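Take a look at the structure set out below.
Just so you know, these numbers come straight off a predicted model, no measurement behind them. Every heavy atom of this structure was used, including side-chain atoms; hydrogens, water molecules and symmetry mates were not.
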Amino acid sequence: MALEHPAYGQVRAVTPTASVLLADNPSQMTLDGTNTWLLRGPGSDDYVVVDPGPKDKKHIAAIVEATGGRIALTLITHHHPDHTGGIDHLVKATGTPVRSVDPKYLRGEVTALAADEVIEVAGLRITVLATPGHTVDSVSFLLDDAIVTGDTVLGEGTTVLASTAGALAEFLSSLELLLERGAGKALLPAHGTDHADAAPVVQYYLNHRRERLEQIRVALIELGQEAGAFEVVRKVYADVDKRLWPAARSSVKAQLEYLRAERGS
Ligand SMILES: [Zn+2]
């Protein structure tokens with residue numbers, strides 16, 4: 001019988017070229033845990049690993065076992081520790097080069113990832129899409145039949161936005177790009193389950209962001225235009241578990257900044 005998400009400690013095949021190993025680090029922010037994607041083109045003995053996951057020796061050992069240690073390249077979707085913590089254990093075990101946007105995570109004789117770069121490796125053609133919003137260094141990896149989205153688009157729920165200036169405007173552009181390039185391709189997220197088609201999930205994200213923005217616009221009429229992020233969270237995220245409010249606050253900051261920039265222009 002085919003495995004289903006979440007399948008801790010087992011390699012679960014998802015597409016002809018992509019399998020997933022789920023790290024055992026579930027939490028409110030990581031959902032069931034971090035998905036480490038193992039990619040291999042037809043006829044290739046080598047793998048590409050996307051996101052080694054947290055600093056967890058057992059998870060790294062499972063990656064090494066699943067790939068036979070033959071990792072031509074490891075790619076990083078963004079700098080958060082639940083994606084990058086395991087890098088050095090994996091490099092030590094396999095010697096894999098590691099590429100990311102953030103120079104801090106480069107390992108081996110490599111360069112930082114560039115937007116729209118095409119990487120041909122392990123029988124795969126991988127296009128790097130810059131998809132900032134969750135973090136400034138967030139990227140997605142486009143394959144022939146799938147798109148690996150990191151934390152930009154998750155399998156369930158929605159993504160927390162960086163509270164940095166421009167994060168929401170960037171995030172909305174990233175979603176438009178993912179909708180355009182990912183339609184008809186499988187969605188392979190870093191948390192939560194995969195989906196056969198990325199388009200409806202990305203569309204849900206776009207709708208959700210527009211809805212929240214509208215709710216915040218309305219809340220500001222009542223609270224006053226200079227209301228603080230936490231006041232807005234209390235009002236707009238009243239339906240959301242309070243333990244998620246600190247994360248919501250980051251997203252609200254990004255949305256307030258977006259609305260204020262809009263009014264200022
Ligand atoms: Zn994450």
Give me the atom names and distance for the closest heavy-atom approach of A162 to T135. CB-CA, 4.3 Å
Any chance the rings of H5 and H195 have centres within less than 6.0 Å? no
Donor-acceptor check, side chain of W245 to backbone of V233, threshold 3.5 angstrom: yes or no? no
Would you mind checking if K55 and D88 are paired as a salt bridge, meaning a charged N to carboxylate O distance below 4.0 Å? no
For the atom pair CG (L259) and CG (L168), what is the distance rounded to the nearest 0.5 Å? 8.0 Å
Scan side-chain atoms only and decide if T30 and S27 contain a donor-acceptor pair under the 3.5 Å cut-off. yes
Please tell me whether Y8 and M29 are part of a single hydrophobic cluster in this structure, the criterion being side-chain heavy atoms less than 4.5 Å apart. no
Closest approach of I147 and A198, non-hydrogen atoms and distance? CG2-CB, 4.0 Å
So with a 6.0 Å cut-off around CD of E65, is the heavy-atom count from everything else above 12? no
Residue pairs meeting side-chain hydrogen bond (donor to acceptor under 3.5 Å, both in side chains), one or both in residues 214-234, sequence neighbours left out, come to R212-Q215, E214-R217, R217-E262, E222-K235, Q225-R263
Backbone N or O of A114 within a donor-acceptor pair of the E117 side chain at under 3.5 Å? yes
Kindly indicate whether the side chain of T159, heavy atoms from C-beta on, has any atom under 4.5 Å from the side chain of V153. no
Can you tell me how far the CG atom of D116 sits from the CG atom of L129, to the nearest 0.5 Å? 7.0 Å
To the nearest 0.5 angstrom, please state how far the OG1 atom of T152 sits from the CD atom of E170. 11.0 Å
Running the 4.5 Å side-chain criterion over Ile, Leu, Val, Met, Phe, Trp and Tyr, what cluster does L73 land in, apart from itself? V14, V20, W37, L39, V48, V50, L75, V101, L113, I119, V121, L124, I126, V128, V139, F141, L143, V148, L188
Check for a donor-acceptor pair, side chain of R99 on one end and backbone N or O of T111 on the other, with a separation under 3.5 Å. yes
Judged by modelled atom types alone, do H59 and N25 share a side-chain donor-acceptor pair under 3.5 Å? no
Side-chain touch T36/V49, heavy atoms, less than 4.5 angstrom: yes
Going through the checks in order, is the side chain to side chain contact (heavy atoms under 4.5 Å, CB included) test met by R107 and T96? CA-CA 8 Å; R107 301 290 184 273; T96 176; over 6 Å; no
Can you tell me how far the CG atom of L172 sits from the CZ atom of R209, to the nearest 0.5 Å? 8.0 Å
Taken to the nearest 0.5 Å, the spacing of T127 OG1 from E120 CD works out to 9.0 Å
V91 reachable from L106 in the ILVMFWY side-chain graph, under 4.5 Å edges: no
Taking every heavy atom of S19 against every heavy atom of A13, the minimum-distance pair comes out as OG-CA, 3.6 Å
When you measure from the side chain of T67 to the backbone N and O of I71, does any donor-acceptor pair fall under 3.5 Å? no
Cluster overlap L3 with V11, hydrophobic side-chain contacts below 4.5 Å: no
Apply side chain to side chain contact (heavy atoms under 4.5 Å, CB included) to D32 and H191, showing your working. CA-CA 7 Å; D32 303 300; H191 305 288; over 6 Å; no
Which heavy atom of T94 sits nearest to which heavy atom of L90, and what is that distance? OG1-O, 2.7 Å
Can you tell if the side chain of V98 reaches within under 4.5 Å of the side chain of I76, non-hydrogen atoms only? yes
The side chain to side chain contact (heavy atoms under 4.5 Å, CB included) partner of T17 among L38, D145, D144 is D145
Treating Ile, Leu, Val, Met, Phe, Trp and Tyr as nodes and any side-chain heavy-atom pair under 4.5 angstrom as an edge, say whether L21 and I60 lie in one connected cluster. yes
Distance only, no hydrogens: is a donor on one side chain within 3.5 Å (strictly under) of an acceptor on the other, for H78 and D151? yes
When rounded to the nearest 0.5 Å, the distance separating NE2 of H83 from OG1 of T34 is 5.0 Å
Quick one: does S250's side chain have a donor or acceptor within less than 3.5 Å of a partner on L161's backbone? yes
Verify the cluster assignment for V232 and F230: are they in a single hydrophobic cluster under the rule of side-chain heavy atoms below 4.5 Å apart? yes
Check whether any side-chain heavy atom of V236 sits under 4.5 Å from a side-chain heavy atom of Q255, and report yes or no. no
Taking D51 for its side chain and T77 for its backbone only, find out whether a donor-acceptor pair lies under 3.5 Å. yes
If the threshold is 4.0 Å, N to carboxylate O, is there a salt bridge linking D194 and R12? yes
One pair to check against side chain to side chain contact (heavy atoms under 4.5 Å, CB included): H89 and D56. What are the steps and the verdict? CA-CA 9 Å; H89 284 309; D56 169 356; over 6 Å; no
Could you pull out all residues at least two apart from E109 that satisfy side chain to side chain contact (heavy atoms under 4.5 Å, CB included)? none
Exercise: identify the closest heavy-atom pair between A167 and E257: N-OE1, 4.4 Å
List the atom of G86, the atom of P52, and the distance in Å for their closest heavy-atom pair. C-CB, 4.1 Å
Just by distance, no angles: are the side chains of T131 and S140 close enough, under 3.5 Å, to form a donor-acceptor pair? yes
In terms of heavy-atom contacts, does NZ of K185 have more than 12 from other residues, nucleotides or ligands at under 6.0 Å? yes
So does G192 get a backbone contact from the side chain of N35, meaning a donor-acceptor N/O pair under 3.5 Å? yes
Any L220 side-chain heavy atom under 4.5 Å of L256 side chain: yes
Can you check whether G157's main-chain N or O pairs, donor with acceptor, with Y205's side chain at less than 3.5 Å? yes
Short N-O contact, D102 and K104, less than 4.0 angstrom: no
